[in-house]
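In what follows, chains are A, B, ... by sequence order, proteins preceding strands, each numbered from 1. Both backbone and side-chain heavy atoms feed into the values below; hydrogens, waters and symmetry mates do not.
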Amino acid sequence: MEIPEYQPKQIEAEVQEYWHQQQSFRVTEDPDKEKFYCLSMFPYPSGQLHMGHVRNYTIGDVISRYQRMQGKNVLQPMGFDAFGLPAENAAIKNQVAPAEWTYQNMAYMKEQLKRLGYGYDWSRELATCRPDYYRWEQWLFTKLVEKGLAYKKMSVVNWDPVDQTVLANEQVIEGKGWRSGAPVERREISQWFIRITDYAEELLADIDKLEGWPDAVRTMQRNWIGRSEGIEIDFKTEQGQAVTCYTTRPDTLLGVTFIAVAAEHPLAKQAAQGSEEIANFIEECKQVASAEAELEKLEKKGKPLGIQVIHSISGEKIDVWVANFVLMAYGTGAVMAVPGHDQRDWEFATKHNLDIKPVITPADGSRLDISEAAYTEYGLCINSGEFDGLDYESAFAAVADHLEQQSLGRRRVNYRLRDWGVSRQRYWGCPIPVVYDEQENVYPVPDDDLPVELPEDVALKGVGSPLTDMPEFLQTHVPGGHAPATRETDTFDTFVESSWYHARFCCPDSDQAMLDQRANYWLPVDQYVGGVEHAVLHLLYARFFHKLMRDIGLIDSDEPFTRLLTQGMVLKDGAKMSKSKGNTVDPQAMIDQYGADTVRLFVMFASPPEQALEWNDDAVAGANRFLRRLWNSVHSNHDYFQAASDLIQFDQAGQARWLSLPQSESAKALRLVVHQLLQRIQRDYAKHHFNTVIAACMEMTNAIEKADQTEPEQAAVCYEALTVITKVLAPIAPHITHVIWQRLAGTTELIDAGWPQVDEQALVSDSIEYVIQVNGKLRGHLKVASSASKDEVEKLVIDDPAVKRYTQDKPIRKIIVVPGRLVNVVC
RNA sequence: GCCCAGGUGGCGGAAUUUGGUAGACGCAAGGGACUUAAAAUCCCUCGGGAUAAUAUCCCGUGCCGGUUCGAGUCCGGCCCUGGGCACCA
């Protein structure tokens, strides 16, 4: 029989059209079926898909299709994270409105996603830049304002003094503005914040529940929240002005030799008024971008303010310094310095010739040496008056009690986590729905006036937001009155939109409420898939928003994502694929050349999903070769399968039913291999080790090709094996398997076909091959009857002539038998 | 600077429920078959070294040390690479 050629372009178009006609991936809530909600992080519409997207979405699609074949009601939606900085940059560069650019990109990328054969329910598509989406986050924000969970305060931004604009951290290159080249300054402006710190305790505690998340991500989130127990201490000036410091080491309180405050601290500002030197220093501190990584790398500098405070216990006078390593956004913006027992303080004190006072000594009695570095371990108090001899815990309690009695301090739980600043001084984002009257009083926009729509037809000049030049947007009235008011021109951080899209996908057309009852059917997301780079920020904000929505009564669940898979980067020549490095591979070109199935297969085969993937053009061709081999194997052996049909038949779910099991040794051996491989495949699918699933399919294909198809029992085993391969490969290469399935089994829909089961009978074998070691070194193999007892195995091994060669005449000291696997003879 | 990962052949990676045959599967490379030729396909070899040898032996999972009958896997100390650090998304 003539074997038809494998033509991916043609069959993929046909199969995709079939799914479209059948509406195969459109789902509704079905209380009788177990639901499975699989979500991949939606893309920013930058123009075209890159390989990172292809990898992310292939992983998500494989999991979705796998779960569907387990009989679940699977929701897999897709949309666009459409607001953001790149649209503004493109607008300036190409003279096109950000909205137009974004909508064009979304249309193109949607076609690419369809071409890859992903099983999305497109009826649920959403884009965050559409008013029917963002009106609900505006609504939620107004509720947060009413509840006091959103508030305004001064905070620092990167300011480009030439372009007169705020820069993102990314736009600051080596301390200079990316366009102007001018040194960036830190500037304080009034911005909106959401009280994520009110939820710090719950966000921390619930990490324990996230058993389906990678431990690395859970650890990073715990550390990011950074709960600590300590005390807050007031140090007062002689005039009674207090400087409050937070410390987790109250046992070192008597070792404080100076206080350091941030440049933005009120005391520093006050001192600057009387001293040009201090004013200059504070100015110097501002000539640095606001990113923490930058600040931490700075040379530690400071100046005495000429202000002294009184030590809360010793009564000594202590100098207050302003220092560039103290962050205003952290704790109280002031730290008590203990150079003897904190390394950074030690370095600062050494440099500025400040006192270093030892107050902790090693508990084991070894000699304290702080001449080269601070001693930062816990120990026993010394030089601390009434606290001498106490260990860390008793000293903590004693100092805290003492300060609380004197009203000079208090126990406090502190978090490293800071409130979430959501204001952005940008145009292409969701307008923050508040207005200000002439006295700067704040009014949240009432529900009936939402959404506050962003004008889309604008020209961008690159200086400031166009909204500030649009009186029709800007000018309004106070809600319910006639007094003139001005709209907020800042927009939300785009992390706000991506913090709740997972919920909106459940009911994207709900126009009476942010979410409706359908959300509780689908939520929480059973499997979330996306890049590790989101391990902290996005994933923490989404967890936070989920709890906000719960507390406002919209949903029942506490956490948004039950399981999380963080996929690795896509590399080429050892570096991350990126335009700037010029090492990108266009997914479209690969799809055009080999088809979507080949690209999907390669991406899943090249490495396990969590690890980095090294792109290799030749290996893509190899993936295509495997699909062709499979295709040819199905078609060339078809006649033999017909001949084997009195041995094996398939039920409606496509499950193999043997009418009489194979009797020949060769067929039984082949079937043992097939079912052993299937066992591995089951295990690896459950663990998301798709690369080894594919390797096992390749091994199975190799085994079939070596078999003698003219022998009916072997042909029947091959037939069974091919149905197994087709099914387990269906989630990965859905088009070719759809067509092959028609050929093999006929009637049932492959996307809903049952999953193949391991036949325990096929795994039974009457002998086991043991690995033989002498003194831990591999010395041979020995076939032993499966029924042999441990003692029998031992005896067989000792008597084995090959083993005798190695043991010589040395007495055998010990024999270790690992049942079914290995024997180690020690002599 | 701080937090989190990862280092296995020429390359991507594999090594079962966390200690039990290191290198599955694929790519590349070399040799051969088929072909007028090429492509495609098929067969063989493929960590390093010693050796006439597909026999046998030694070495080998970033580096140094430890635990164990046995370590890629566990423990201690380093080195290097990658991700995140709150305005890239």
Side-chain angles (χ1 to χ4, degrees), chain A residues 41 43-44 46 81 83-86 157-158 166-172 191 214-224 226 290-298 300 325 329 344 416-426 493-495 498 531-538 540-541 566 568-569 571 574-576 602 605-608 610-623 625-626 628-629 632 679-680 683-684 689 691-692 694-699 702 705 769-781 813-816 818 821-827:
Chain A
M41 290 179 185
Y44 177 78
S46 54
D81 188 15
F83 277 136
L85 202 47
V157 293
N158 299 310
V166 174
L167 299 177
N169 284 335
E170 191 195 46
Q171 297 171 310
V172 180
Q191 310 201 66
D215 287 336
V217 175
R218 297 165 82 189
T219 307
M220 278 189 270
Q221 291 218 349
R222 277 191 197 101
N223 292 339
W224 185 264
S290 65
E292 191 184 316
E294 297 300 317
L295 292 167
E296 290 284 347
K297 277 180 225 153
L298 292 176
K300 310 288 177 277
F325 59 81
R344 192 175 59 185
R416 206 189 73 99
L417 180 70
R418 316 201 284 256
D419 275 341
W420 178 12
V422 293
S423 294
R424 296 292 179 272
Q425 296 68 45
R426 299 201 209 299
D493 175 4
T494 57
F495 274 130
S498 56
V532 234
E533 64 273 21
H534 296 293
V536 176
L537 291 178
H538 160 63
L540 190 63
Y541 292 143
T566 51
M569 292 180 304
L571 313 176
K576 183 179 180 175
F602 166 71
F605 181 53
S607 61
E610 295 87 354
Q611 280 179 38
L613 181 155
E614 180 74 33
W615 188 267
N616 177 345
D617 286 342
D618 287 322
V620 181
R625 195 175 304 147
F626 170 67
R628 279 205 311 271
R629 265 175 59 202
N632 291 339
Q679 203 172 33
R680 255 168 58 189
R683 197 192 62 222
D684 290 350
H689 290 185
N691 56 328
T692 51
I694 296 165
C697 287
M698 288 171 168
E699 282 187 67
N702 292 343
E705 286 180 354
E769 189 169 61
Y770 273 78
V771 169
I772 309 302
Q773 294 184 337
V774 177
N775 290 329
K777 287 194 174 180
L778 173 69
R779 295 302 183 191
H781 303 265
R813 292 192 304 169
K814 202 172 176 183
I815 296 186
I816 290 127
V818 183
R821 193 156 340 150
L822 170 143
V823 179
N824 187 14
V825 181
V826 185
C827 62

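- Note that CG of A:L537 is 9.5 Å distant from CD of A:Q221, once rounded to the nearest 0.5 Å.
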### Message
Is there a side chain to side chain contact (heavy atoms under 4.5 Å, CB included) between A:L85 and A:Y44? Walk through the geometry before answering.
### Response
CA-CA 10 Å; A:L85 202 47; A:Y44 177 78; over 6 Å; no
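- Between B:rA38 and B:rG30, the two P atoms lie 15 Å apart (nearest whole Å).
- By the salt bridge (Lys or Arg N to Asp or Glu O under 4.0 Å) test, A:D215 pairs with A:R218, sequence neighbours left out.
- Nearest-nucleotide positions on RNA chain B place A:K300 closer to the 5' end than the other of A:E614 and A:K300.
- At whole-Å resolution of the value, CG in A:L540 and C1' in B:rC4 are 15 Å apart.
- Evaluation of the side chain to side chain contact (heavy atoms under 4.5 Å, CB included) rule for A:Q679 yields A:V758, A:L763 as partners, not counting sequence neighbours.
- Qualifying side chain to side chain contact (heavy atoms under 4.5 Å, CB included) partners for A:R680, counting only residues two or more places apart in sequence or in other chains: A:L677, A:R683, A:A696, A:E699.
- Taking atom C1' on both nucleotides, B:rC69 is separated from B:rC46 by 34 Å, rounded to a whole Å.
- Considering only side-chain N and O atoms, A:K777 lies under 4.0 angstrom from the phosphate OP1 or OP2 of B:rC58.
- The listed nucleotides are B:rC59, B:rG12, B:rC4; the one nearest the side chain of A:S607 is B:rG12.
- Checked against ring-ring contact (aromatic ring centres under 6.0 Å, His included), A:W224 has no partners two or more places apart in sequence or in another chain.
- The C1' atoms of B:rU16 and B:rU73 are separated by 13 Å, rounded to the nearest whole Å.
- With A:N824 contributing its side chain and A:I816 its backbone, the two residues share no donor-acceptor pair below 3.5 Å.
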### Message
Walk me through whether A:R629 and A:N702 qualify under side chain to side chain contact (heavy atoms under 4.5 Å, CB included).
### Response
CA-CA 10 Å; A:R629 265 175 59 202; A:N702 292 343; 2.4 Å; yes
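- The CD1 atom of A:I772 sits 13 Å away from the P atom of B:rU21 (whole-angstrom rounding).
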N/O contacts under 3.5 Å, protein versus nucleotides 67-70 of chain B?
residue, atom, partner, partner atom, Å
B:rC69, O2, A:N824, ND2, 2.3

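- On the P atoms, B:rG48 is 12 Å away from B:rG9, given to the nearest whole Å.
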### Summary
5' to 3', nucleotides 82-89 of chain B under a 4.0 Å protein heavy-atom cut-off (B base, S sugar-phosphate only, - none) gives SBSBBBBB
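- Summarising the geometry, the separation between CG on A:D215 and P on B:rU18 is reported as 13 Å, rounded to the nearest angstrom.
- Separating the P atom of B:rG10 from that of B:rG62 is a span of 13 Å, rounded to the nearest Å.
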Which protein N or O atoms sit under 3.5 Å from an N or O of nucleotides 54-57 of chain B?
residue, atom, partner, partner atom, Å
B:rC57, OP1, A:R779, NH1, 3.4
B:rC57, OP1, A:Y806, OH, 2.3

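- Comparing B:rC25 with B:rA15, their C1' atoms are spaced 12 Å from each other, to the whole Å.
- Taking atom P on both nucleotides, B:rC87 is separated from B:rG82 by 25 Å, rounded to a whole Å.
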### Message
Let's test your reading of the pairing rules: Watson-Crick or G-U wobble, both distances under 3.5 Å, then write RNA chain B as a dot-bracket string with ( ), [ ], | and dots.
### Response
(((((((..(((.......[....))).(((((.......))))).((((.....))))..(((((..]....))))))))))))....
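- Taking atom C1' in both B:rC57 and B:rU8, the straight-line distance is 24 Å, to the nearest Å.
- Shown here are the ring-ring contact (aromatic ring centres under 6.0 Å, His included) partners of A:F605, two or more places apart in sequence or in another chain: there are none.
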### Query
Which nucleotides of nucleotides 24-33 of chain B have their base under 4.0 Å from a protein heavy atom (B), which only their sugar-phosphate (S), and which neither (-), written as one string 5' to 3'?
BBSSS-----
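- Between A:R628 and the phosphate of B:rU41, there is a side-chain N or O to OP1/OP2 separation shorter than 4.0 Å.
- Using a 90° window around 0 for the glycosidic torsion, B:rG9 falls inside it and is classed as syn.
- When the side-chain nitrogen and oxygen atoms of A:N223 are compared with OP1 and OP2 of B:rC4, one or more of them lie within a distance under 4.0 Å.
- A:Q425 places a side-chain heavy atom less than 4.5 Å from the side chain of A:Q191.
- Across all non-hydrogen atoms, the minimal contact from A:T566 to A:P214 is OG1-CG, 3.9 Å.
- With sequence neighbours excluded, no residue forms a ring-ring contact (aromatic ring centres under 6.0 Å, His included) with A:H689.
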#### Entry: Criterion side chain to side chain contact (heavy atoms under 4.5 Å, CB included) on A:C827 and A:N775, from CA distance to verdict
CA-CA 7 Å; A:C827 62; A:N775 290 329; 3.9 Å; yes
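- Of the two residues near RNA chain B, A:T219 and A:L822, the one whose nearest nucleotide lies more 5' is A:T219.
- A side-chain donor-acceptor contact under 3.5 Å links A:Q171 to the backbone of A:A168.
- The ring-ring contact (aromatic ring centres under 6.0 Å, His included) search around A:Y541 returns A:W420, A:F495, not counting sequence neighbours.
- Put simply, CZ on A:R821 is 10 Å from C1' on B:rG19, counting in whole angstrom units.
- A heavy-atom distance below 4.5 Å is found between the side chains of A:V771 and A:H781.
- For B:rU18, the base is syn relative to its sugar; the glycosidic angle is within 90° of 0.
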### Message
Please evaluate residues A:R779 and A:V825 with respect to the criterion side chain to side chain contact (heavy atoms under 4.5 Å, CB included), reporting the C-alpha separation (whole Å), side-chain torsions for both, the decisive distance (0.1 Å), and the verdict.
### Response
CA-CA 10 Å; A:R779 295 302 183 191; A:V825 181; over 6 Å; no
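- No side-chain donor-acceptor contact under 3.5 Å links A:D81 and A:S498.
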